[in-house]
Structure formats: C-alpha cells, structure tokens
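Below, chain A is the first sequence line, B the second, and so on; all start at residue 1. Side-chain atoms are counted along with the backbone in the values below, which use heavy atoms only and exclude waters and symmetry mates.
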Amino acid sequence: MNRIDHLFDRKKERVLSIYFTAGFPDLEDTLPIMQAIEDAGADIIEVGVPYSDPIADGPTIQESNMIALNNGMSLKKLFDQLKDMRKKVSLPVVLMGYLNPIIQYGMEEFCKKCQELGIDGLIVPDLPMQQYIDEYKEMFDRYGLRNTFLISPQTSEKRIKEIDDYSNGFIYMVSAHAITGAKSGISNEQIAYFERVKSMELKNPRLIGFGISDAETFSTASQYSNGAIIGSAFIKIIKNSKDLKNDIKSYIQSVIK
Amino acid sequence: MIRVDEKGFYGKFGGAYIPEMLHPNIEELRENYEKIIATEDFQKEFRALLKDYVGRPTPLYFASRLSEKHGAKIYLKREDLCHTGAHKVNNTVGQIILAKKLGKKRIIAETGAGQHGVATATVCALMGMECTVYMGALDIQRQRPNVERMKILGAKVVAATSGSQTLKDATNEAMRQWINNPVDTHYIIGSVVGPHPYPEMVARFQSVISEEIKWQLKEKEGTENPDLVIACVGGGSNAAGAFYHYYNTSQVRLVAAEAAGLGVNSGKSAATTALGTPGILHGSKTLLMQTEDGQVVEPHSISAGLDYPGIGPVHAHLFDIGRAEFVAVEDEDAMKAGIELSRLEGIIPAIETAHALHALNMIEYKKDDIIVINLSGRGDKDLDTYIKWGGY
Ligand SMILES: Cc1ncc(COP(=O)(O)O)c(C=O)c1O
C-alpha cells in the first residue's frame, strides 16, 4: 500500500510534514536529514529538488535552492543519494520540484525511478491540472505515485472540487495568497478560508502550508485540517545548525509537543 | 496558419505552466482580454493614445545611404521615435487600459535594460496608478539613468537579489509579487513571454507595427509586402509586432536577430535558438538555454534587452517550422552596425536594434529586394555602452 494512503488511514489529525531542499546545507546532508526528521517524530518527508528559478518560493527556500545547486545537487545526484533510502527511512516520502528539471530527465524515466526508490508522491507546483490530466495522470498512477495539487484562498469552490476529484494522497492548502515563507501567524481571514474548505468535505486529506513555523501555528492549522507542512522555518533551523540531528529533533519536538 | 490555439499553444510551444496560486489571475485575464480589447470603447482609447501620446504612426523611412551601402531597398520602421524611445510603450499603453477596465489598482512589471520599466512607469503616471518595477540588482547598477527615469516618473524600483540578479530574476520576482497580491494588481509583462494569454496579448498590442508597415509600404512601393522583415529578438515583442501581419504571407521572409554575445560557442551568449532546447521558463514551454539537468543558464549580451535565456513561444514555433530565419549577432558586430547607421543615416540605434542591422551582413538577398528593418529603439539609453566600447 502507498505509504501516504496508509498514513492517512491511520492518522487523521496533527499530521506533520517537513520540507527541506536536497543537498542543503551540504551536498551529502540529504539522507541524514531525512533520518533525523523520521527519528524526531514527523509524519511525512518532502524532499525539494532544487531549481534555478523557483517562482512559488520566498527568499529562504530560494537561497537554499541556490546553495544546493552550487553544492552540485541535481536530480541524478539526488536519485543516487536515495538509492538505499528505504533501508533507513520508513515514512512516506514526497518529492517536490518544478517541472523543467523533471521534463529534462524524462517524465516516464522519472516516475519509474521514483517507484524503484520507494518514493510515494509528487508535488510539482507548476504542473497545471489540465496538463496533468491530459498527459501524466495515467503515468503517475501506473507507477503508484500520489500527486498533490495546491489550492489557495483565491481558488474557486468549483476548481477546488475539480482538484479534489483528480487528486490523491493529500491536498496542499496554501495558507494565504503568498509565496513560501511570506508571513507568520494566522489571521482571521485565513481561518475563514480554512473553515470554508473544511466545510466542503473533500475526499482527500488536507495539509496546510506556507507560514507554519511553530507549535502554535501548527496547532491552529491542525484544527481546520489534517495537519500542516513546515518548510522555510525548518530550512532556517538547518541552515545555522552545527548539530543537525539534535537541532532537528528539538525543533520538531517543540512543534508537535 | 500561425495562430495561437485554445490552450495557448503555437505548435509545440506556449501554454500556461503556472503555480495554482496564479491560476485565478491568469484565468481572469484569459477570459476577459479578448472581449475587452474588441470593444469600441477600448479601441477608441487605445488608438487615441497611440496617436497623440505615443506619436503613432511612426514613420517608415527609406534609408537611401544604408540602401546604397548594402545593395537593397531598405526601409526603417521608426519605433525609436515612439514616446520613451522604443516600441515597448505600445504594449504598456494597451495593458494599462486593460488593467483599468479589469478594475486593478496597482501595476507591477519586470525590466532588464529599464526600457519596459520606463514605458510602464510612464503609463502609470499617465493613468495615476501605483507602479512597482522589479529589476535585477546587477541591472540596476548597469542601467542607472533608466532607474532614475522610473523614479522621476513616480515608480518604485525594487531590486531582485536572487539568482543572477538580471532580467530572468526580475521576472521571477514580479511573478512572486503577483502571487502575493492577486486581487488588486495587474502584472504588465514586457515581451511576448510568460503564461498564456500574455504572449498573444502582447503581440496583439505590438502588431500595430506591421499594421502600419503594410499601408505605409503600399503608399511608397505600391505593395503591402516587403521581401524581408528583419527584427531583433530578446523575448521577441518588437519582432512579433513587425512579423504579425506577415506570419501567414509566405513570400515575406522573416528574419530574427538574436544576440550571440561573445560568440555562439563562447559560453557568453544569448543565442537561444542556436543553444536552447525545449523546456519551461516563466510559465510557457519554449526554447531556453539550460543545462542537461534543466537548470536555466545565465545568458550574456552587450545589450541588456537581449540578455534573456529564452524566447517567446511564437518565435520558438517560427524557428521550429522554419518560417523565420534566425541569425546570431556578436556584440562587436552589433556595435559596428550601430555606428554604421549613426554615420550613414544620422540615427543612433539602441544596441538591441543594432543586432537587427548587422543581420544585413549575414543573410542573402537580391539587389532590388525591399527590406524593412524594425528600428525598435534609440541609443540614448546606451550611450555609456557606446562610450565604454569606444570603437568609433
Ligand atoms: C530597443 C529595444 N529593442 C528590443 C528589445 C528586446 O525586447 P523584445 O525582443 O521583446 O522586442 C528591447 C528590450 O529592452 C529594447 O529596449
């Protein structure tokens, strides 16, 4: 069974997903960071594939992408690093990356490789829904990959329903109309949006991301969804860390306490 | 037929590869722009501003000494005489009227050389709209006078400090800011790039160039159709405007001049069709300069306006099907062509435009061929570069 499906079968509340950029802060940190995230008690690992032009990301993730690329990270290199991943990591693993590097690798080859390595799902922020349905859905399904779409406060109810129909795994609720890391804290306006989507009773679980950084924002987001995704705040922790394992552990535990 | 299809593709190229957060903005534009620009109301305002504010029609000037030198009948389409000094303003006038009709309150834009930024700041001043222009931190240093022009016009200029700190990063930053302000803000893209419907919309606003060439040439030569149209291509908006009404007239040769920088194979070039492969940049599938791993490569050109790693999807298509001929012009040759025009015709061209002029030396044509060169801009903004180069 796909690990994402399995997770949401058993856990419906306070699911914590952690995003980080592969090859950051150092090229060979990828797998140790994944292990540390698992040991610390998070539920999903999102591995970011660095890209030169990440248009949905704020300064923190942009910078981590640049550093990772300068470190020599690439999709090929990442797949090498993840070769024996499943001997060490049992959590669901999602790859998050922009479309161009994936297309250059070859979509089918990419999906095949993901399946081979035990990757469970994909988030491709610039893959439009129609393109996915027309060209890639059948392929993703064939290789057992769950595809996550994003929705934002501007997304119409009609489109949310469509996205729900064509999604599997989970839906990524962008907390505000914003790029990653843009704001902190959760406003009343955002809560109204969380409630609106909650009341739609979608078939897919929902995780809230962008602007989640600590126990308080995690708990608030979790009241209106199945859990939350932390990205920029986590990147900031590992950027300055001298002891990745312990810093990751104490940060994640402070969030889920 | 060269036309954009329902989904925003020209053949294999185009589309709208955008994060979901931008979907509502792009949908709003896609659903409304054709309707709005077809209204009499819009056309009246657009045409009046083009005439009285921009100064259109721009002359189609027979360049007799240049013609003699190159052995053809050469006409220059004088976009350099547009208000603000380049063709860019045709598009910003169109988009600002559209933005008003969509009820938008703020304008954002990206700029490389600053020409599009100035053209945007200009129309924002004209319409009393708030304007923020994103510009690579490196370009801000290289193009100081245009930065100051934008500020005098009341725009805010914000440095894009990520990546290579040039045009592509300014475009990334403008897109991010549009995600952050989706409701009240319109993004005026400066070339025929970006997600559908931008490439076609910008081309439509620029198509006034070939619309005028047709009747002007008819008056002068008794035919609407030249043998060749030549234009430089950065993103490709002046070229799209000059080619637009000739796309489907196969006897008119279309010639696009790209920037070869220090040489196509020097590693310091912006010759996208020569070096690029299909990929996705700024929301559309097109030809772009990239690594094997799909990372966008930093281009180089002496002209900031051609210093872009991609081209508009319509040009990728024209290249793909062989409808347009592409030449790659090196920095040095472009500079010499700029000096040549200055000396022969008393017109100092923008360095972007100078690339199109050198194309005359790279292609075959017959002695009595009628050639229209789109003179996309004037050289005032480039004086520093001319002075530093010094070969005059
Ligand atoms: C005078 C001039 N010509 C050409 C260009 C290139 O743009 P495009 O290819 O969109 O016409 C620029 C861009 O700044 C310009 O200022």
The reported gap from CG in A:D53 to CD1 in B:I280 (rounded to nearest 0.5 angstrom) is 12.0 Å
When rounded to the nearest 0.5 Å, the distance separating NE2 of B:H282 from CG of A:D126 is 11.0 Å
Close side-chain approach of B:R176 and A:Q62, heavy atoms under 4.5 Å: yes
* To do: Side-chain contact test, heavy atoms from C-beta onward, threshold under 4.5 Å: evaluate it for B:E20 versus A:P125 and give yes or no.
  => no
### Task
Check the surroundings of atom CG in A:N188: do more than 12 heavy atoms from other residues, nucleotides or ligands lie under 6.0 Å from it?
no
Max heavy-atom pairs within cutoff under 4.5 Å with chain A, candidates B:K168, B:M175, B:K7, goes to B:K168
dist B:T171:OG1 -> A:I55:CD1 (nearest 0.5 Å) comes out at 10.0 Å
The interface call for B:V183 against chain A, heavy-atom contacts under 4.5 Å, is side chain
Applying a strict 4.5 Å limit to non-hydrogen atoms, the region of A:D134 in contact with chain B is side chain
Okay, B:P195 and chain A: the region with an atom under 4.5 Å from a heavy atom over there is neither
Applying a strict 4.5 Å limit to non-hydrogen atoms, the region of A:I102 in contact with chain B is neither
Rounded to the nearest 0.5 Å, the CD atom of B:Q290 sits from the OG atom of A:S52 at a distance of 9.0 Å
So, the part of A:D57 with a heavy atom under 4.5 Å from chain B: the answer is backbone
Can you check whether B:E292 reaches A:Y105 side chain to side chain, under 4.5 Å on heavy atoms? no
Turns out that what part of B:I179 lies under 4.5 Å from chain A's heavy atoms comes down to both
ask   = Quick one: do the A:Q104 and B:D293 side chains pair a donor with an acceptor below 3.5 Å?
value = no
CD of B:E27 to OG1 of A:T155, rounded to nearest 0.5 Å, is 11.5 Å
Would you please test B:Q295 and A:Y51 for side chain to side chain donor-acceptor pair (under 3.5 Å) and show each step?
CA-CA 6 Å; B:Q295 308 298 340; A:Y51 181 48; over 6 Å; no
In terms of heavy-atom pairs under 4.5 Å with chain B, the winner among A:S152, A:A56, A:S74, A:P50 is A:S74
Ranked by heavy-atom pairs below 4.5 Å to chain A, first place among B:S164, B:P182, B:S162, B:P24 goes to B:P182
Assert top hit (heavy-atom pairs under 4.5 Å, partner chain B, pool A:K76, A:M129, A:Q130, A:Q131) equals A:Q131
* Asked: Has A:K203 got more than 12 heavy atoms of other residues, nucleotides or ligands less than 6.0 Å from its NZ?
  -> yes
**Message:** Contact between B:H23 and A:Q154 at the side-chain level, heavy atoms closer than 4.5 Å - yes or no?
**Reply:** no
Here the gap from A:I103 atom CD1 to B:Y17 atom OH, rounded to the nearest 0.5 Å, amounts to 6.5 Å
Counting heavy-atom pairs under 4.5 angstrom with chain B, the leader among A:L69, A:N65, A:L127 is A:L69
Please determine whether the number of non-hydrogen atoms from other residues, nucleotides or ligands lying under 6.0 Å from atom OH of A:Y166 exceeds 12.
no
When the 4.5 angstrom heavy-atom criterion is applied to B:L22 and chain A, the contacting part is neither
Hey, is NZ on B:K268 packed in by over 12 heavy atoms from elsewhere, all under 6.0 Å? no
